[in-house]
Chemist: 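Below are the structure tokens for one structure; questions will follow.
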Amino acid sequence: MWINSNNDTQQLRRLNVLANHLNIATTTDHNNIQLYPSSSLDHHGWLAMNETAALGKGMLSATPIQGGSFNTNSLNSSTPLTLTDSETEQLANTIIRGDYRELRQTLFTYFQQHADYYKIFSGYDMSLDDARQKSHDRAIRILKEKFVSPYDILKDPLKISVFMNSIPTDASTLVKLSVHFNLFGACIAHLGTSEQLERWLGPKSDFSERLGCFLMSELTHASNVRKLGVTATYDRARNEFVLYTPDEGAQKYWIGNAYKSATKGVLFAQCIVDGVNHGVHAFVVPMRDPSTMKVYDGILVRDVGIKMGLNGIDNGMVAFNNYRIPIDHLLSRYAQIKDGKYETSIKNDNVRFAKHIGALLQARLGVGTGCCNALQMSLTTAIRYAHRRVQFGPPPPKDKTKSKNEEEWPLIKYKTHQMRLMPLVAEAYAYHFFASFCMKKYEEYMIGGNRDDLLKTVHLLASASKVQISWRNLAIIQECREACGGQGYLTRNLLPILRVDSEANVTLDGDNHLLLYQISGVLLSEYAKQFAPSKDKSLLTTVLGPGLNAANALYILGKEKINDLWRDGLLKHYANTNEEHLLSKEFLLGALQFRENRLVHTLAAKMHKTSQKFKIEQHMSNGEAQFAAHNLCSTHSLQCGKAYCDKIIAKIFFEKVEYLKTTLGSHSNIYKAMHTLSCIFAMSIIINDPFFLEKKVIGATKSKALKRLREQLVSNVTHCCLSLVDGFGIPDFVLEGSIGSRNENYVALNGYNHKIVDV
Ligand SMILES: Cc1cc2nc3c(=O)[nH]c(=O)nc-3n(C[C@H](O)[C@H](O)[C@H](O)COP(=O)(O)OP(=O)(O)OC[C@H]3O[C@@H](n4cnc5c(N)ncnc54)[C@H](O)[C@@H]3O)c2cc1C
């Protein structure tokens with residue numbers, strides 16, 4: 001018998017827990033389009049749709065789906081979507097950029113006034129030194145304006161996020177500021193005492209004058225932070241810490257702002273007191289004399305060299321040769337040297353380590369929100385250009401008397417172009433809502449007393465946001481670049497700059513693949529907990545531990561139950577091609593939730609089986625077997641993490657749509673547009689992953705029906721896509737002079753009398 005207890009009630013309870021966890025419900029055409037070639041685009045720009053097809057057909061029905069676990073509405077697919085000017089403005093200023101409107105307004109006014117100074121640049125026509133100087137000067141100038149207080153890092157992280165995301169300038173300057181606020185400043189704020197906070201971030205500090213840096217990654221260890229090589233050894237005789245880089249592999253590497261700009265840094269190093277290594281701790285390290293900017297003796301700083309992008313940032317390599325700092329430079333919120341002894345308020349090394357890594361969350365969240373800006377700019381450019389650029393068209397009619405319309409079509413009129421770009425607009429909104437949601441959860445954690453349970457959630461959300469948005473950002477910019485043809489290849493049209501400067505986001509602040517492993521690790525441990533609710537053990541002990549019957553129960557019980565639910569729920573609708581069903585949250589979100597559950601379950605089973613095998617057949621120790629099993633199942637693990645990201649992003653999007661329906665009413669055009677986009681977003685995931693066909697969530701007929709329906713929705717959205725990109729709220733001056741400009745036609749921008757201004 002696998003199951004730990006024969007007690008029926010207990011088994012029933014476990015089955016119920018699993019059932020709850022699984023959360024599976026039990027239960028086109030072309031319009032006439034005419035082109036109005038115009039250099040200036042308004043919200044209805046090029047399209048004069050034949051409204052007759054739409055009239056009377058398409059209101060969003062408020063009929064809830066019977067028997068469903070979500071109270072949702074169906075969406076009629078045959079209505080082209082529109083947004084009025086005031087709705088577009090509401091979308092941009094209230095829904096998308098509604099937080100801290102006053103601050104945003106101040107920033108936009110400031111940057112508009114100094115648009116030339118802060119203009120995005122490629123750096124291709126200048127030396128590395130000049131590019132760095134330019135970004136450095138910009139960052140310092142922005143700092144000196146004191147738009148936000150460094151105390152906001154703790155008190156109001158959302159404000160810092162709004163600030164960072166309302167600075168329309170080159171990405172290098174933004175990353176320099178992000179290192180300063182979200183890493184250097186955040187570490188002091190999170191890990192320092194109130195006195196230390198006052199000393200380094202307070203009004204008398206030089207926080208708003210000089211840049212800081214964040215020294216964690218080393219040449220041989222960056223992802224594996226616990227293995228960092230740099231040591232901070234307590235010298236009792238002089239009551240100081242001695243910083244030492246033991247070998248070339250332990251050089252701090254990639255350190256943004258380190259080569260030229262930073263006067264101080266927060267260093268992550270092994271804290272050694274009386275020969276005992278207490279693990280990685282954070283220290284504030286003075287690096288340069290602020291008056292001469294000369295690096296202090298005992299510190300070696302070198303340049304990492306020219307990078308793929310972000311060349312305005314001076315990433316450096318840093319080594320310490322018995323460089324001394326006072327003991328009160330150890331950030332002491334959780335650990336300190338008192339009366340010559342190491343003291344900590346957190347005895348558990350893992351928990352203390354997690355607190356230190358938790359200080360980096362704002363930076364990770366910032367990657368997601370920053371990428372949203374880049375992909376929104378790209379889509380705005382591609383969609384505006386697609387309305388202006390005409391290529392090919394129908395052949396002239398044989399009977400010349402019948403029609404005089406021989407005009408070429410704008411790109412946006414082509415179905416493939418619509419299918420390339422509209423699902424990306426859906427993604428852009430999905431990611432924006434998700435990134436904002438994550439930021440708000442983080443704010444809740446910060447001002448709600450740093451609850452540990454919320455910290456776990458925020459970790460999970462921050463990883464999902466960072467991974468999904470940074471990867472998709474690259475793909476979206478690339479698609480937009482291609483959608484603009486040759487014009488997309490010119491730096492003055494910004495897409496190439498956005499593309500190369502976005503690349504590093506998949507690596508910095510936590511490599512994306514490794515974050516996906518972390519996500520699936522959390523999912524597994526949550527899954528396991530349902531079978532041993534009283535034991536908050538890690539995945540490896542709970543699921544894979546020796547002789548743990550809960551793990552066996554989980555495997556068998558899960559397998560049986562998952563099949564039942566499968567039959568009762570989704571399989572019932574296997575061949576259901578009813579439009580109402582296809583557009584329902586029950587189906588769309590249910591399918592995504594099922595994929596996640598299924599993958600988590602099979603991963604747990606696979607890891608369990610594999611580790612048992614290693615132990616029995618190869619006589620591996622528990623730890624060895626778990627490590628080997630983890631490695632063998634790692635591609636599955638990545639799929640799990642991805643499935644979670646898709647599900648949680650879709651879920652938040654659907655929740656946002658519900659919220660818009662409640663606040664704006666079901667007749668609101670904004671609600672209808674967002675509802676349609678949320679369906680396109682979820683449908684695209686289902687259409688693009690063979691899992692859903694392989695596991696019979698959908699059959700071939702349903703798959704085809706889904707594709708047809710998505711095409712129809714895409715066609716509907718195309719009607720209002722100019723308004724939808726205006727809804728991103730990108731200030732006009734940012735795209736001025738490029739093909740993404742609201743007012744400038746690309747032909748005029750390349751006219752004989754027009755001065756070509758490269759960036
Ligand atoms: C532009 C830029 C700026 C940066 N700024 C800073 C900074 O200011 N301060 C700072 O401290 N750091 C900074 N970094 C460093 C950054 O955080 C690290 O590059 C990042 O954490 C990845 O570490 P790594 O380069 O050592 O890659 P590695 O960890 O060596 O990873 C290389 C590849 O191997 C894969 N991999 C690694 N381990 C495993 C495994 N167990 N299983 C399967 N695959 C695995 C990864 O997915 C990745 O694809 C910056 C990096 C860049 C590119």
Side-chain angles (χ1 to χ4, degrees), residues 131-132 135 139 170-187 211-230 245 249-262 264-269 280 282-283 285 287 301 303-319 356-357 359-360 362-364 366-367 370 463 466-467 470-471 474 500-521 626-639 641-642:
R132 286 169 174 176
S135 293
D170 65 286
S172 292
T173 301
L174 289 175
V175 177
K176 285 177 82 71
L177 286 169
S178 179
V179 168
H180 184 65
F181 278 95
N182 293 334
L183 289 168
F184 171 75
C187 283
L211 287 164
C213 66
F214 169 70
L215 305 114
M216 187 163 87
S217 304
E218 295 174 359
L219 180 56
T220 46
H221 291 101
S223 302
N224 192 355
V225 178
R226 286 174 196 268
K227 290 270 184 197
L228 291 179
V230 172
T245 304
Q251 288 177 85
K252 291 294 173 188
Y253 205 95
W254 282 117
I255 310 307
N257 294 343
Y259 181 55
K260 290 266 183 185
S261 311
K264 284 191 273 301
V266 166
L267 168 79
F268 273 49
V280 171
F283 304 81
V285 181
M287 292 173 63
V301 178
D303 184 8
V304 297
I306 300 176
K307 305 176 295 263
M308 180 176 180
L310 295 174
N311 278 305
I313 309 177
D314 47 325
N315 291 91
M317 303 182 241
V318 182
H356 278 73
I357 299 300
L360 317 180
Q362 176 128 0
R364 191 167 290 167
V367 174
S463 299
K466 197 268 183 190
V467 167
S470 67
W471 261 332
L474 286 182
V500 290
D501 283 351
S502 289
E503 186 70 40
N505 288 317
V506 304
T507 296
L508 50 72
D509 287 319
D511 168 82
N512 277 7
H513 282 92
L514 299 183
L515 291 181
L516 279 181
Y517 290 144
Q518 283 182 20
I519 292 173
S520 63
Q626 287 162 6
F627 185 81
H630 185 273
N631 184 35
L632 219 71
C633 303
S634 53
T635 46
H636 193 142
S637 181
L638 291 181
Q639 280 180 296
K642 268 291 281 130

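All ligand and atom numbering here is 1-based and tracks the order in the structure.
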Chemist: Testing F268, W254, F184 one by one against F214 for a ring pair (Phe, Tyr, Trp, His ring centres under 6.0 Å), which residue passes?
Modeler: F268
Chemist: Could you check whether any side-chain heavy atom of M216 comes within less than 4.5 Å of a side-chain heavy atom of V225, counting everything from C-beta outward?
Modeler: yes
Chemist: Quick one: closest heavy-atom pair of S135 and D170, and the distance?
Modeler: OG-OD2, 3.0 Å
Chemist: What is the minimum heavy-atom distance between N311 and S172, and which atoms define it?
Modeler: N-OG, 3.8 Å
Chemist: At their closest point, which heavy atom of L515 faces which heavy atom of D509, and how far apart are they?
Modeler: CD1-O, 4.2 Å
Chemist: For ligand 1, would you mind listing the residues that have at least one heavy atom less than 4.0 Å away, ordered by chain and number?
Modeler: F214, M216, S217, A222, S223, W254, I255, G256, N315, A504, T507, L508, D509, D511, H513, L514, Y517
Chemist: Quickly, which of K176, K264, R132, H180 forms a side chain to side chain donor-acceptor pair (under 3.5 Å) with N257? Name it, please.
Modeler: K176
